[in-house]
Protein chains: 2
Amino acid sequence: MAAATPSNPPPLLADPPPGSGTRARIRHAAARLFARRGYAGTGLKQVATDASAPFGSIYHFFPGGKDALAEDMIRTTGPQFMALVLGLLEERDDPVDAVVHAFDSAARDLVASGYADGCPVATMALDVVDTNETLRGAAADVFAEWIDGGTAWFSRHVSPDRARDLASAMVMLVEGAFLLGRTSRDPEPLRAAGRSMATLLAAAR
Amino acid sequence: MAAATPSNPPPLLADPPPGSGTRARIRHAAARLFARRGYAGTGLKQVATDASAPFGSIYHFFPGGKDALAEDMIRTTGPQFMALVLGLLEERDDPVDAVVHAFDSAARDLVASGYADGCPVATMALDVVDTNETLRGAAADVFAEWIDGGTAWFSRHVSPDRARDLASAMVMLVEGAFLLGRTSRDPEPLRAAGRSMATLLAAAR
DNA sequence: GTCTATAAGGAGATAGAC
DNA sequence: GTCTATCTCCTTATAGAC
């Protein structure tokens with residue numbers, strides 16, 4: 001069954017719907033800033049400003065402060081991103097077509113965001129891996145779930161042990177491609193990653 | 001020709017040789033902290049402390065301040081890392097063996113550093129890509145050189161157009177594997193990346 | 001040249017008015 | 001609950017003693 005999801009899902013970090021509550025606006029602004037600038041590079045004052053919320057409201061809704069807000073963002077946007085990718089994969093019947101389509105779609109979204117929005121957790125993960133054990137663990141949980149989810153998807157087309165290596169490769173290629181694409185302001189790495197992923201999948205069948 | 005380089009090159013961010021000058025110690029401490037904690041997450045006070053140097057010496061040797069120091073680190077450690085990888089690739093005659101060997105060696109180094117040292121520029125690149133155009137450009141230059149260097153190496157074994165996709169895939173897999181490996185404190189992503197890279201190279205020959 | 005003290009500003013966090 | 005003012009600490013950067 002293909003095309004189970006709409007072919008133009010909203011970007012993960014688009015503006016929040018008008019009329020959203022203060023808490024929702026704070027979460028949205030925080031997700032965007034943390035994803036783009038990392039943990040240390042994001043100031044709570046900026047979060048409040050972007051959310052059009054008073055500074056104190058952050059501590060009203062997130063008594064744990066910056067750490068609690070960041071962990072919430074990692075654990076929320078991580079699964080959202082996986083759902084988005086799995087949705088894209090369902091839009092094509094042939095698995096090789098599906099993989100290439102997902103990477104091409106990611107390339108378009110990256111350009112559309114002005115090369116700002118790639119992986120919602122990678123920037124924060126690298127930022128905190130050496131200094132914040134709680135947030136490192138949260139990011140590790142997210143990546144593990146992605147690989148499990150990817151393994152399940154690839155298992156529909158190849159043997160389980162091969163499926164796991166394919167899922168790992170897919171996550172790594174996505175992350176590497178977002179890093180190169182954002183840094184070079186070029187969508188080509190994502191398309192190249194899609195071609196490589198298609199080759200790997202074809203070789204495993 | 002194989003084994004052109006020693007089989008145990010010193011880690012990129014090992015301690016500086018005793019008797020190093022103040023400038024060298026500052027550059028070394030900065031390279032390590034920027035690589036591990038990113039740009040915003042690294043304080044110049046910490047750099048001075050780690051370098052056993054007075055705070056003011058940073059501005060004596062780097063009048064441009066934090067930005068100048070960070071750009072120097074990106075442009076210095078980037079080529080060093082490529083040289084290290086190319087050296088590892090020369091230690092095996094068969095190209096598929098060489099690729100697997102390089103990833104296995106990277107996996108060992110990652111574990112040996114306590115999962116602290118992966119790519120010397122990726123953390124900073126993601127940290128600054130949205131906020132500092134100069135440093136973003138420096139990181140983009142480094143990645144472009146890596147892909148050019150990798151394309152030249154793969155061109156010894158496959159056609160030029162295929163060599164470029166292989167080089168891109170290698171950089172992306174390395175970066176993704178370092179991200180997953182550091183975050184999960186697990187060397188397995190680097191080994192999985194090596195297996196995928198071997199598959200891609202074999203498929204391209 | 002090496003090093004210290006301080007300036008000026010921004011950070012996270014809190015207290016309390018409304 | 002919403003919002004403001006402030007507290008304390010830490011940052012980059014500089015001035016100037018030695």
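None of the values given here were measured: they were computed from a predicted structure.
- Contact between A70(A) and F34(A) at its shortest, heavy atoms only, is CA-CE1, 3.8 Å.
- Comment: R37(B) does not engage D127(A) in a salt bridge, judged by the lack of any side-chain N to carboxylate O separation of less than 4.0 angstrom.
- Using a 4.0 Å heavy-atom distance criterion, G56(A) is classed as a base contact.
- Following rounding to the nearest Å, D67(B) (CG) and dT11(D) (P) show an atom-to-atom distance of 17 Å.
- Rounded to whole angstrom, the span from the NZ atom of K66(B) across to the C1' atom of dT11(D) amounts to 8 Å.
- Y39(B) and D67(B) form a side-chain donor-acceptor contact under 3.5 Å, judged by distance and modelled atom types alone.
- Side-chain contact, R36(A) with T123(A): no donor N or O sits under 3.5 Å from an acceptor N or O.
- With a cutoff of under 4.0 Å to any heavy atom of chain B, the contacted region of DNA chain C is bounded 5' to 3' by dG1(C) to dT4(C).
- With salt bridges taken as basic N to acidic carboxylate O contacts below 4.0 Å, none links R182(B) and E175(B).
- Between dT11(D) and K45(B), no contact under 4.0 Å exists linking OP1 or OP2 to a side-chain N or O.
- Comment: R191(A) does not engage D104(A) in a salt bridge, judged by the lack of any side-chain N to carboxylate O separation of less than 4.0 angstrom.
- Within the 4.0 angstrom heavy-atom criterion, only backbone atoms of the sugar-phosphate kind lie near F61(A); the bases stay farther away.
- The distance from atom CG of L44(A) to atom P of dT6(D) is 20 Å, rounded to the nearest whole Å.
- A straight line from CZ of F55(B) to P of dA15(D) spans 14 Å, rounded to a whole angstrom.
- With the nearest nucleotide of DNA chain C identified for both S57(B) and Y59(A), S57(B) has the one nearer the 5' end.
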